[in-house]
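All remarks here apply to the structure that follows.
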Amino acid sequence: MKSINCGLLRKEHVGQSVTLAGWVHRRRDHGGLIFFDLRDRSGLVQVVFSADISEPAHKQAETVRPEFVVQVTGVVRSRPQGLINPNLDTGDIEVEVSELTILNAAKTPPFAINEETEVRDEVRLRYRYLDLRRQRMQKNLLLRHKITTFIRNYMDANDFVDIETPILLKSTPEGARDFVVPSRLHAGKFYALPQSPQQMKQLLMVAGFERYYQIARCFRDEDLRADRQLEFTQLDLEMSFAESDDVRALIEAMLIQLFEEVSDMKIRQKPFPVLTYQEAMDRFGIDRPDLRFGMELIDLTEAVRGSKFGVFANTAAAGGQIKALCAPGAASFSRKKIDQLTETVKARGAKGLVWLKTANDGLRSSIAKFLTEEEKDAIIDLTGAEEGDLILAVADKPAVVADALSALRTQLGAELRLIDPDELALCWVVDFPLLEWSEEESRWVAVHHPFTSAKPEQWPLLETDPGAVLANAYDVVCNGMEIGGGSIRIHDAEHQSLLFRALGISDEEAQEQFGHLLEAFSYGAPPHGGIALGLDRLVAILAREESIREVIAFPKTASATDLLLNSPSPISERQLQELHLKIAE
RNA sequence: GGGGGCGUAGUGUAGCGGUUAACACGUCGGCCUGUCAAGCCGAAGAUCGCGGGUUCGAUUCCCGUCGCUCCCGCCA
């Protein structure tokens, strides 16, 4: 239906007769002369109608409106002198239309397709197919395509095999809430959608594929966020005979090459810095630090241990911490602004926020009268505060201090414009604890997942001090967002059983839930490990989008509905019956 | 489950205890042969999300509810 795409027309086509098809992006009707900007995926081109060229075409063009789908035939010609549009790739030429076919009329769309105006998310999602016509979403989804294509090529070049794993899987008690699918053929039984292909890919290692990857859809029935959807996509891969360094090197090289190929953003540091979990927590209070700016956390506990300020002294004595960060140039913050910051830390469980301002006449502070000169000097020395800076300190249990100050750091980083929006600051975080204590379940639970191996020398600790065992796991972090995580897995039944026991899973339960895996391990499972990268988050970062919804064609709302399809929706009584289901009141 | 923000013509916003509810873009009609965010003239278009309350009077204040959104919990 078309001989060439709109956006590809250039001077070299002048004199040729072409047939174009697309959407009317914009119409400028001058009476005797009518212009369309004709749009297809490749871009825009101006087409001209006048009675001098074709009276019927010109007459019909009067009836055309934006978003009509049309086909035009005409001759490409150079634009007259002075009428060249430098803002358009096709601005040197235009098409004189001799024939116009309206392939389909269009209602006036609920929002402008031809300009990048803000539109309520509600309306955008209700008419997602129109939203997707707009430049922003076209650009984002094409970027996503480029990224997945790059990844597939890279994986293929590195000898990885793309293998599909089931969507109808089995529910497991560990981890996130499963999406569950009732079985018609087996009354009262259910499949579960994969939270990740974790077990299947490990079985593929036992099966001898050595290098597997998949761009895999995963499902978790948890509440949504800007960076979390019910279903999401990850680059999932697994390697046999690989150590953690092998996986990390492969992924690091891939990410660097990918970023250089598809993005003009700059990588801040290569190779990526590697932080231990403990180091990340100490310096940033969080295991996914945003390394685009400094403002690290400073431990003041020893400096103020003997302070006359009761909160400091008591917190230190009780084994807590006093930590601070130094906000450059923020001494000018008003009382009201500091109150706002105080709200930030209180929302994270801190009881208050101590502030100290460095000025030319010395230190001003909410607690100035309690501090000795020695203590003041120590605080300034430790924080490296310079004139005009604002020091903010929190005293509490280490977990609260970390949480409060990391939130504060993130907020201040943005507000003080310490972040270069063109920068990609990546790092690896390693040496995570294998287990953490769950108060709710009063048992140890896996920090990563229950197939993660401890570091080899750490196994003996599992029985004596489970919380101290370090996992052979690694996360890759970009701009404060976790974009991937992986580990070296357990590959023998003994260690796997050991870990299940540590997790409070009885041998019987382990057999029932994971017997297939334990059995597989007894048939010659190679040492293996892998990683999963969150594709949606990765694309969002490179598209400079705040929410992964902007890089997903048909996302769900924050309340887990689809406004276009109107899902979820009830099913018929007949369907319920077939599935052996009854709706409880 | 909890907390915050938002909801006013098709879209984006303004407004505010008493308005003819304003502006821009869009839409519709007219004029127009060089525009490209075309221009000029004219017009239509809003039960101010929904329900209740306070009030002489509510789009405005209060309560509830629904929707969108951000965050906490949750997310191995």
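Only a predicted model underlies this, so the values are computations on that prediction, with no experimental measurement involved. Here is how names work: the chains are called A, B, and so on, in the same order as the sequence lines, proteins then strands, and each is numbered from 1.
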**B:U69 OP1/OP2 closer than 4.0 Å to side-chain N/O of A:S547** = no
Quiz prompt | C1' spacing across the pair B:U59 / B:A9, given as an integer number of angstrom | solution = 14 Å
Scanning all shown strands, the Watson-Crick or wobble mate of B:G18 with both distances under 3.5 Å is B:C56
Does A:T117 make a side-chain N or O approach to OP1 or OP2 of B:A37 shorter than 4.0 Å? no
Those residues at least two apart in sequence (or on a different chain) that pass side chain to side chain contact (heavy atoms under 4.5 Å, CB included) with A:E415 are A:K337, A:L341, A:Q411, A:L412
Taken in chain and number order and not counting sequence neighbours, the residues that satisfy ring-ring contact (aromatic ring centres under 6.0 Å, His included) with A:F293 are none
A:F451 meets the ring-ring contact (aromatic ring centres under 6.0 Å, His included) criterion, sequence neighbours left out, with A:H449, A:F514
Per-nt protein contacts along nucleotides 26-35 of chain B (heavy atom under 4.0 Å; B base, S backbone sugar-phosphate only, - none) come out as -SSS--BBBB
Taken to the nearest whole Å, CG/A:D403 to C1'/B:G73 is 12 Å
Across every strand shown, the nucleotide meeting Watson-Crick or G-U wobble geometry with B:C6 (both distances under 3.5 Å) is B:G67
For A:R292, the side chain to side chain donor-acceptor pair (under 3.5 Å) test, sequence neighbours excluded, returns A:D290
By salt bridge (Lys or Arg N to Asp or Glu O under 4.0 Å), A:K11 pairs with (sequence neighbours left out) none
Is A:S559 touching bases, backbone alone, or none of the nucleic acid, heavy atoms closer than 4.0 Å? sugar-phosphate
Across all chains, not counting sequence neighbours, the salt bridge (Lys or Arg N to Asp or Glu O under 4.0 Å) partners of A:D475 are none
- [ ] Look at all strands and tell whether A:P450 reaches a base, only sugar-phosphate, or nothing, counting heavy atoms closer than 4.0 Å.
- [x] base
- request: Give a yes/no on whether any side-chain N or O of A:R177 is located under 4.0 angstrom from OP1 or OP2 of B:C75.
  value: no
Taken in chain and number order and not counting sequence neighbours, the residues that satisfy salt bridge (Lys or Arg N to Asp or Glu O under 4.0 Å) with A:R136 are A:E545, A:E550
Per the under-4.0 Å heavy-atom filter, residues of residues 118-140 of chain A near RNA chain B come out as A:E118, A:V119, A:R120, A:D121, A:E122, A:V123
A:E222 with A:R220: basic N within carboxylate O range, under 4.0 Å: no
Residues in residues 212-238 of chain A with a heavy atom under 4.0 Å of RNA chain B, by number, are A:R220, A:E222, A:D223, A:R225, A:A226, A:R228
Sequence neighbours excluded, the answer for side chain to side chain donor-acceptor pair (under 3.5 Å) partners of A:Q214 is A:T165, A:Y212
Note: for A:V445 and A:A558 on RNA chain B, the residue whose nearest nucleotide lies more 5' is A:A558
Regarding A:R501 and A:D507, does a basic nitrogen lie under 4.0 Å from an acidic carboxylate oxygen? yes
So side-chain hydrogen bond (donor to acceptor under 3.5 Å, both in side chains) across residues 35-53 of chain A, not counting sequence neighbours, yields A:K2-A:D40, A:H25-A:R39, A:R28-A:D37, A:R28-A:Q46, A:R39-A:E67, A:D40-A:S42, A:Q46-A:E94
